[in-house]
Amino acid sequence: MTDTHDTDLLAGQTWQQLLARRSFIELDALGRATALLDPGSLRVLAGPFDRLESPWLAPQGITPQADDGTVIARGTVGGRPVVVAAIEQGFQGGGTGEVSGAKISQGLLLAAADSRAGTPTAAVILFETGGVRLQEANLGLNAVAEICSAALDLRPLAPVLGLIAGTVGSFGGMSIAAGLCTRLIVTPQARIGLDGPAVIEQEAGIGEFDSTDHALIWAVDGGEQRVATGLADTLVPDDVDELRAALVDAVARGVTEPGRHRSERLDVLASRLATLDPTAPPDPRELRTLWGADYEPVPATRRAAPATAATVQTRGRTWLGALSGNTEPDCVIPSVIKTETPSAVYLAVVPDPQNRFYRARDGEVGVTESLALAQAVRAVIRADEDKADKRPIIAIVDLPSQAYGRIEEMAGLHQAMAAAVDAYHCARVAGHPIVAVVVGTALSGGFLTHGLQANQILALEDAGVEIHAMHKEAAARITRRTVAELDELAKTVTPMSYDVQAWATLGYCDGLLRADQPDAPTQADVDTVAAAIRDAVVRARTGPRDLSNRLDSDGAIVTRHASRAVRDLLAQQWDSPS
Amino acid sequence: MQTLNYEFPAQRPAPRAVHIGVVASGDLEILLQPPAGDDPADRLTVRVRTSVDGFDTVWHEVLERFFGRTALAGRWELNDFGATPGVVNLRLQQAMAAATTTSETS
């Protein structure tokens, strides 16, 4: 499929303006931050001479960059205090690593602290990233979860603005963070998506997405399309002055009213998804008419109730049944199951062989699963609104990944996932203990959406449990290594390991649990896990409601010393020039 | 990745610290720091970390030729991602210019 319309790269400019303009895309990360801030106001924090480089790259034979490829700068925009996080697209494709990710999340948290103290400080994130840096896999994935959480902490207090200029664009988990932003400014060269075209082709074949078809890529992911379908706000040509003007305007607009952020508009997401028929999907051009540029509900499409498929017994379904004492859970939708008890709510994503979104039939988290999770979690928040004791939400995690598909990308999978992440964060901040229990695989964007916003994360200590940024074969292809080489590296580079015991040392495992029969748990197995959940709920109720425990745990002190160094240095340099 | 260390005679200390470039494909970043308190003011050290192994001789010759003409004392760190000698030379010149011109640099 090829969309033949010409993308207007001038975005309203004449060719004379085109020739006279100063290109933003051609600037490096520091140049971009400098160009956006008020002249003379830029102050770089944790810069190259502080040498907070990635501790994980050199042992793999990869040259590190002194600032780990992310510039954090304070300054003003239109006279208002701002922190800029500019990702350098040239270094490791802008991939999020432990250090670069910690720089962004800690910058957001410091801005939130200033905002609370009476100085609203906006954040501007320059997304140019292929997603999680696979060489730092699990620590990159967790860094994205922390960025999402910190962005949501700041968003009610000061605007969190995303600017995507290209040429890398925003892909992977960081696009979920983009979906949480107050506003998004894009150029026609920008792209926003969850899974990039090459990864979809690799996972699903060239029939699903031809990654050499640039017209198709920009028709699906391009900045113009995202604005025309309401998934981004402002389309600006690649021009330093125009981008800065758009940013000045966005900063001056301030925060968005609670409930009106894209990631909170489940009504819009639900109505939009109802119009999509994956057996006869609209062409990206038609989607503009179907959905429109305003993020508002579209006319209802009556859809036949989903066929009830024979249930597939998986670890996720089995454990949800065993722990909740109910083997006949409710279907939020057939692929998202739920059991509510007076003392807790259990949620899991499970396979649905009849799923109308055919790329999400094996338990992947797709667009409708993300919406269903968000709806279920928001319903719990509403039900307990007036209660002092908020019920715990237990996320049973056994999912192969997110759904890799062209229709998913066209529909804005990143935005749907952002809705679920927002809902989980909202529940956690409201006081619901969120406990993730990994009983099977917890991979990539699927885990970011369902699990990684939890206060507490438990996992079974079993060979069938796998927690990672991407499954092994795909990670090997993308990093141009063999699976044997990956296995060898994982022995020394802990965040790359597929072994749950290694994962448990990364600082955000709150309990590794033994079960004799993980596929068919015995009563003793269920009792062990249930007791661990009860303890986790107690810890969640008494612990912080943000994710700071992931940096203060015993594991983090040993393994995440680089993240802790980032946190300490940024805090130290925040107010006083170094 | 290979780490290479070199030392060359220098004419005068680097006036200021400079950071130039990006560890991008075919490019490199350079960090130059003036000599610290007990460092000699007439020597410079270079540490190269390069993603491409086995080019020790080429690196030595490129650096020797460059620092044979203009040499600022201090610590030079080159983080390389497969830059060609031409690009290396360009980045070195850029670092020199940034360290010695009076205008404000990053």
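Residue numbers start from 1 in every chain, and the chains themselves are labelled A, B, ... in the order their sequence lines are given, proteins ahead of strands.
The minimum heavy-atom distance between A/I62 and B/F81, with the atom names listed, is CG2-CE1, 4.1 Å. Residues B/R75 and A/R51 approach most closely at NH2-NH2, 4.1 Å, considering heavy atoms.
Proximity of A/Q65 to B/V22: side-chain heavy atoms (C-beta onward) are separated by under 4.5 Å at one or more points.
Within a 6.0 Å sphere centred on CZ of A/R480, heavy atoms belonging to other residues, nucleotides or ligands number 12 at most. Shown here is B/F55, whose CZ atom has no more than 12 heavy atoms of other residues, nucleotides or ligands within 6.0 Å. For CZ of B/R43, the number of neighbouring non-hydrogen atoms (other residues, nucleotides, ligands) closer than 6.0 Å is greater than 12.
Chain B forms more heavy-atom pairs under 4.5 Å with one residue of A/A58, A/P64, A/G69 than with any other, namely A/P64.
Under the 3.5 Å distance criterion, the side-chain polar atoms of A/T63 are matched with a main-chain donor or acceptor of B/D80.
The line from CG of A/L57 to CG of B/N79 is 11.0 Å long, rounded to the nearest 0.5 Å. How far CD of B/E29 is from CD of A/E88: 9.5 Å, rounded to the nearest 0.5 Å.
For B/S51, the parts sitting under 4.5 Å from any heavy atom of chain A are the backbone and the side chain alike. Heavy atoms of B/E77 lying under 4.5 Å from chain A belong exclusively to its side chain. At a 4.5 Å heavy-atom cutoff, B/L78 makes no contact with chain A through either its backbone or its side chain. For B/T3, no part lies under 4.5 angstrom from a heavy atom of chain A.
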